[in-house]
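Notes for the one structure printed next.
Quick caveat, the model's predicted, so the values are computed rather than measured.
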Amino acid sequence: MTDALSRLLASRDWLMADGATGTTLFNMGLQSGDAPELWNADHPDRIRALYRGAVEAGSDIFLTNTFGGTAARLKLHEAQGRVRELNRLGAELGREVADAAGRPVVVAGSMGPTGEIMAPMGPLTHDAAVEMFHEQAEGLKEGGADVLWVETISAPEEYRAAAEAAKRAGMPWVGTMSFDTAGRTMMGVTSANMVTLVGQLDHPPLAFGANCGVGASDLMRTVLGFTAMAPEIPVVAKGNAGIPKYVDGHIHYDGTPELMARYAVLARDAGARIIGGCCGTTPEHLKAMRAALENTPPGPRPTLEQIAAELGGFSSASDGTGETAEPRTRRRRRG
Ligand SMILES: [Zn+2]
């Protein structure tokens, strides 16, 4: 157990991850369509402020500003030649902030989906995906990330490619998927499917779970699906702060800090070991979550009725695992 995340997991019952990257950067002036990763080079002070916001709110783990840092994603901004540099910078700034925190804080090198469809459904081969993730992983490693953090994945093939890239880079990793389609990922993966997938990997993640998706209620239902299977690997819950609504020309998440505090406690009581937020989760939400986790004694495993009563109703009737699964609707969201 030489890595920082394993040490923290061994010493604590739960860890708090961070909140939204996109939401916070938009509040700092990032324009829709801009590549956030370019700010690692152009606005390092803003990226330090992003990271510090999470650390000061009590996060034990924060993700680097490198979600779209693969060549496939940076190509949209003609920056595909800067993968190594932008990922290294994102991790270096993180290392700086974590090392100044005065307590152990884990720098997690964020790796989002390539945005391309993998074979056999689409053109991206396994080897090409591994190579893209590996290039990104090497930059994050070079910058001092403690662990790679793969998130918002929907295809099992892409999850496997990321696992192999982490192995090639010699890095521990965490990997979460986005269950945004009536309890399943966009590619049809259920919570039970994911537990099976994780169990088959020869370089398994240190933790796995769900991020983003729809609201906190749906994410909680997915977490209950994971922990019902008693996986040996710790579970991550990183839900959005409510449901996105379009207000006055921008996306607003309706989840209050109080709601996210209730969500954090429910996630812990459902068996999640790493709890954070995704889109819409600000440092204010994180502070409320941290306080609730510290001050609320452990409770029984929550029921679906309790989750709906405390966090609001679900977006679909089933969690996607039964034969009564609803027809799949399509949504796409950035982590
Ligand atoms: Zn999100």
Side-chain angles (χ1 to χ4, degrees), residues 113 117-118 120-121 150-163 174-201 204-240 242-243 262-279 299-333 335:
I117 309 283
M118 286 196 61
M121 301 262 291
V150 178
E151 57 172 355
T152 326
I153 300 294
S154 54
E157 295 82 8
E158 196 160 21
Y159 197 85
R160 285 192 202 100
V174 170
T176 63
M177 296 179 109
S178 174
F179 297 81
D180 59 359
T181 311
R184 301 178 178 223
T185 73
M186 213 162 46
M187 302 306 281
V189 178
T190 65
S191 55
N193 295 152
M194 190 182 187
V195 173
T196 305
L197 167 68
V198 167
Q200 291 166 342
L201 298 170
L206 297 181
F208 79 98
N211 78 292
C212 211
V214 187
S217 304
D218 278 30
L219 188 123
M220 278 301 310
R221 187 167 63 179
T222 300
V223 166
L224 285 176
F226 295 143
T227 55
M229 295 181 71
E232 285 174 24
I233 299 175
V235 168
V236 179
K238 226 169 171 292
N240 293 337
I243 307 284
R262 289 197 294 278
Y263 145 81
V265 169
L266 289 169
R268 182 197 61 192
D269 293 344
R273 297 277 317 278
I274 300 177
I275 299 151
C278 199
C279 301
R301 181 176 169 83
T303 62
L304 292 176
E305 292 71 27
Q306 186 185 351
I307 290 165
E310 292 200 33
L311 305 179
F314 302 102
S315 73
S316 59
S318 105
D319 67 353
T321 56
E323 286 173 31
T324 54
E326 292 184 343
R328 302 198 334 242
T329 55
R330 302 218 148 209
R331 285 191 198 85
R332 244 179 215 281
R333 205 154 295 137

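- Among all heavy-atom pairs drawn from Pro302 and Met220, the shortest one is CG-CE, 4.3 Å.
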Chi angles and distances behind the side-chain contact (heavy atoms from CB on, under 4.5 Å) call for Thr321, Ser191: CA-CA 8 Å; Thr321 56; Ser191 55; 4.0 Å; yes

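- Judged by distance alone, with hydrogens and angles left aside, the side-chain atoms of Arg301 form a donor-acceptor pair with the main-chain N or O of Leu224 at under 3.5 Å.
- Across all their heavy atoms, Thr222 and Ala210 have their closest contact at CG2-CB, 4.1 Å.
- Asn193 and Thr190 share a donor-acceptor pair across their side chains, judged by distance under 3.5 Å alone.
- The main-chain N or O of Gly312 is found under 3.5 Å from a side-chain atom of Ser217 such that the two form a donor-acceptor pair.
- The side chain to side chain donor-acceptor pair (under 3.5 Å) test applied to Thr176 returns Asn211, not counting sequence neighbours.
- Arg273 contributes no side-chain N or O that, together with a main-chain N or O of Pro234, makes up a donor-acceptor pair within less than 3.5 Å.
- Scanning both residues, Val223 and Ala272, for their nearest heavy atoms gives CG1-CB, 4.3 Å.
- For the pair Glu157/Met187, no side-chain contact is recorded, criterion being any heavy-atom separation below 4.5 Å from C-beta on.
- With values rounded to the nearest 0.5 angstrom, Glu158 atom CD is found 8.5 Å from Met177 atom CE.
- Without hydrogens or angle criteria, Tyr263 side chain to Ile307 main chain gives no donor-acceptor distance under 3.5 Å.
- Interatomic distance, CZ of Arg184 versus CG of Asp319, reported as 9.0 Å (0.5 Å rounding).
- Across every non-hydrogen atom of Ile274 and Ala207, the tightest pair is CD1-CB, 3.9 Å.
- Here the side chain of Tyr159 pairs no donor or acceptor atom with the backbone of Ile153 at under 3.5 angstrom.
- For Asn240 (side chain) and Cys279 (main-chain N/O), a donor-acceptor pair under 3.5 Å exists by modelled atom type.
- The backbone N or O of Gly299 lies less than 3.5 Å from a partner atom in the side chain of Asp269, making a donor-acceptor pair.
- Side chains of Val189 and Leu197 form no contact here, defined as non-hydrogen atoms less than 4.5 Å apart.
- Atom OG1 of Thr196 and atom CE of Met229 lie 4.5 Å apart (nearest 0.5 Å).
- When the ring-ring contact (aromatic ring centres under 6.0 Å, His included) test is applied to Phe226, the partners found at least two apart in sequence or on another chain are Phe179, Phe208.
- Looking at Arg221 and Ser315, their side chains never bring a donor and an acceptor atom within 3.5 Å of each other.
- Side-chain N or O atoms of Thr185 include one that pairs as donor or acceptor with a backbone N or O of Ser154 at under 3.5 Å.
- For Gly175 against Pro205, the heavy-atom pair with the smallest separation is N-CB, 4.1 Å.
- The side chain to side chain donor-acceptor pair (under 3.5 Å) test applied to Arg268 returns no partner, not counting sequence neighbours.
- The minimum heavy-atom distance linking Ala237 with Leu219 is given by the pair CB-CD2, 3.8 Å.
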